[in-house]
Amino acid sequence: STLSSSSAASDVYKRQLYPQKNSDLLFDQEKKHKMNLIPLIVILSMTIPAFALADYEPPRTADGKPDFTGVWQVLNTANDSLEAHTGRAAQVMREGPVVPVPVKALVALGAVGAVPPSLGVVEGDEIPYKPKALAKREENRKNWITADPEVHCYLPGIPRATYMPYPFQIAHNKDALMFSYSYAGAVRNVALSDPGPAPIDSWMGLSWARWEDDTLVIETNGMHDQTWLDRSGNYHSDKLKVIERYARTSEHTIDYSATLEDGDVFTRPWTITMPLYKRVGADAQMLRFSCVEYVEEMMYGHLRKEPLD
């Protein structure tokens with residue numbers, strides 16, 4: 001009995017001392033169970049979306065087009081990084097004594113400043129950068145704290161405005177189509193026919209819409225090169241063209257995709273996909289996140305006659 005108790009206590013001690021080994025044992029046990037579920041999961045993933053697309057009849061406007069009116073929001077972390085990634089302690093890391101640690105400016109944020117893992121939203125898993133452009137992306141990542149336009153509350157551009165962690169509203173009829181965004185009070189008035197080249201480059205670009213059956217297609221160009229695609233330094237040049245597609249798949253979801261073309265930065269066009277979710281009930285409204293006033297101290301505090309510590 002004493003030997004048995006001693007052995008049990010030893011097992012507990014080992015689990016506390018070597019949590020990774022204990023985790024691996026649990027993983028092995030769960031893995032066998034999960035493997036049995038894979039065929040069912042694959043079947044469901046293949047059939048449920050197809051069933052929804054085939055049988056769902058969306059609400060329609062007076063002119064018979066699908067109605068996208070409402071307040072929508074993503075439920076992902078694409079704004080952290082479009083590509084798949086593991087979790088990490090901060091957006092910017094540095095070499096530590098044993099493992100990488102957050103840069104000094106982010107240490108005090110603790111778990112609030114950590115980046116959760118993500119499966120990514122890029123088709124093919126990798127953004128096809130040209131070699132020089134990839135080096136620029138890596139430089140952007142290192143300088144995220146000062147270089148990301150979001151840090152300064154600049155307008156997000158397209159497609160980033162769609163997958164920031166804030167809601168946006170769509171309103172439209174046969175004569176007009178408008179997107180309004182909670183973040184920075186951004187707006188996008190979408191033309192309903194091709195207006196030709198943008199007269200000047202801007203943060204949100206020039207957008208125009210067309211219909212492909214029940215899919216709303218919006219083409220945007222005329223954006224300058226100062227917007228980023230996420231917090232991981234992914235970027236574009238002023239040659240960027242974005243083609244977005246919106247398709248209603250249920251009362252509360254939109255199938256969204258955006259194809260990005262930029263011959264100065266990427267080797268080929270590439271696409272991101274994600275669902276958009278409709279806010280309902282009391283959440284079916286949008287408050288303006290006026291972040292400009294929140295960055296004044298960061299941007300202009302040094303101009304005080306007596307700067308704050």
Side-chain angles (χ1 to χ4, degrees), residues 71 73-74 76-83 85 87-97 99-116 118 133-169 179-189 200-205 222-238 240 265 285-309:
V71 177
Q73 189 169 353
V74 298
N76 62 34
T77 57
N79 191 52
D80 286 331
S81 177
L82 292 172
E83 295 176 299
H85 59 271
R88 56 186 181 274
Q91 194 71 47
V92 186
M93 305 290 287
R94 58 178 168 167
E95 289 299 320
V99 295
V101 298
V103 295
K104 185 176 180 180
L106 300 177
V107 170
L109 293 178
V112 174
V115 179
S118 171
L134 182 59
K136 171 65 175 173
R137 194 272 302 273
E138 296 306 306
E139 186 67 20
N140 286 345
R141 283 183 173 178
K142 294 177 183 179
N143 297 311
W144 168 74
I145 298 174
T146 56
D148 186 353
E150 182 189 1
V151 173
H152 301 271
C153 190
Y154 295 147
L155 294 177
I158 305 300
R160 190 177 186 181
T162 305
Y163 48 80
M164 296 189 82
Y166 315 106
F168 64 92
Q169 186 169 15
F179 289 67
S180 57
Y181 302 87
S182 173
Y183 176 79
V187 295
R188 181 161 59 139
N189 289 305
I200 188 172
D201 290 347
S202 62
W203 290 97
M204 299 297 286
M223 285 179 286
H224 56 53
D225 61 0
Q226 298 177 54
T227 63
W228 282 12
L229 301 174
D230 57 23
R231 294 175 178 172
S232 291
N234 289 304
Y235 77 107
H236 59 85
S237 77
D238 58 3
L240 177 68
V265 177
Q285 53 188 318
M286 189 179 70
L287 301 178
R288 182 172 175 173
F289 179 26
S290 301
C291 55
V292 172
E293 60 195 85
Y294 306 146
V295 300
E296 289 178 351
E297 186 64 32
M298 178 196 73
M299 296 177 67
Y300 310 117
H302 66 283
L303 300 177
R304 294 178 185 273
K305 184 176 181 179
E306 296 182 7
L308 302 176
D309 292 335

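All residue numbers in this chain count up from 1 along the given sequence.
- Within the 4.5 Å cutoff, the side chain of T162 has no heavy atoms near those of the F179 side chain.
- The main-chain N or O of A147 is never found under 3.5 Å from a side-chain atom of H152 such that the two would form a donor-acceptor pair.
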Quiz item: Checking side chain to side chain contact (heavy atoms under 4.5 Å, CB included) for the pair Y181/M204: CA distance, chi angles, key distance, verdict?
Solution: CA-CA 11 Å; Y181 302 87; M204 299 297 286; 4.0 Å; yes
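- Residues Y154 and W228 form no side-chain contact, since every pair of their non-hydrogen atoms from C-beta on lies 4.5 Å or further apart.
- With hydrogens and angles ignored, the 3.5 Å screen pairs a side-chain donor or acceptor of H236 with a backbone N or O of T227.
- Between D225 and K136, no side-chain nitrogen of the basic residue sits less than 4.0 Å from a carboxylate oxygen of the acidic one, so the salt-bridge criterion is not met.
- Residue V295 comes nearest to V151 through the heavy atom pair CG1-O, 3.5 Å, listed as atom of the first residue, atom of the second, then distance.
- From L303, atom CG reaches atom CE of M299 across 10.5 Å, with rounding to the nearest 0.5 Å.
- Listed by first then second residue, pairs satisfying salt bridge (charged side-chain N to carboxylate O under 4.0 Å, His left out) with a partner in residues 285-298 read E297-R304, not counting sequence neighbours.
- The pair E138-R141 counts as a salt bridge, with a side-chain nitrogen and a carboxylate oxygen less than 4.0 angstrom apart.
- Taking all atoms of both residues into account, the shortest heavy-atom contact from P165 to Q73 is O-NE2, 3.4 Å.
- For the pair N234 (side chain) and L229 (backbone), a donor-acceptor distance under 3.5 Å is absent.
- Between the OH atom in Y166 and the OH atom in Y183 there is a gap of 7.0 Å [rounded to 0.5 Å].
- Counting heavy atoms from C-beta on, the side chains of S232 and E83 never come closer than 4.5 Å.
- Under the salt bridge (Lys or Arg N to Asp or Glu O under 4.0 Å) criterion, R231 pairs with D80, E150, not counting sequence neighbours.
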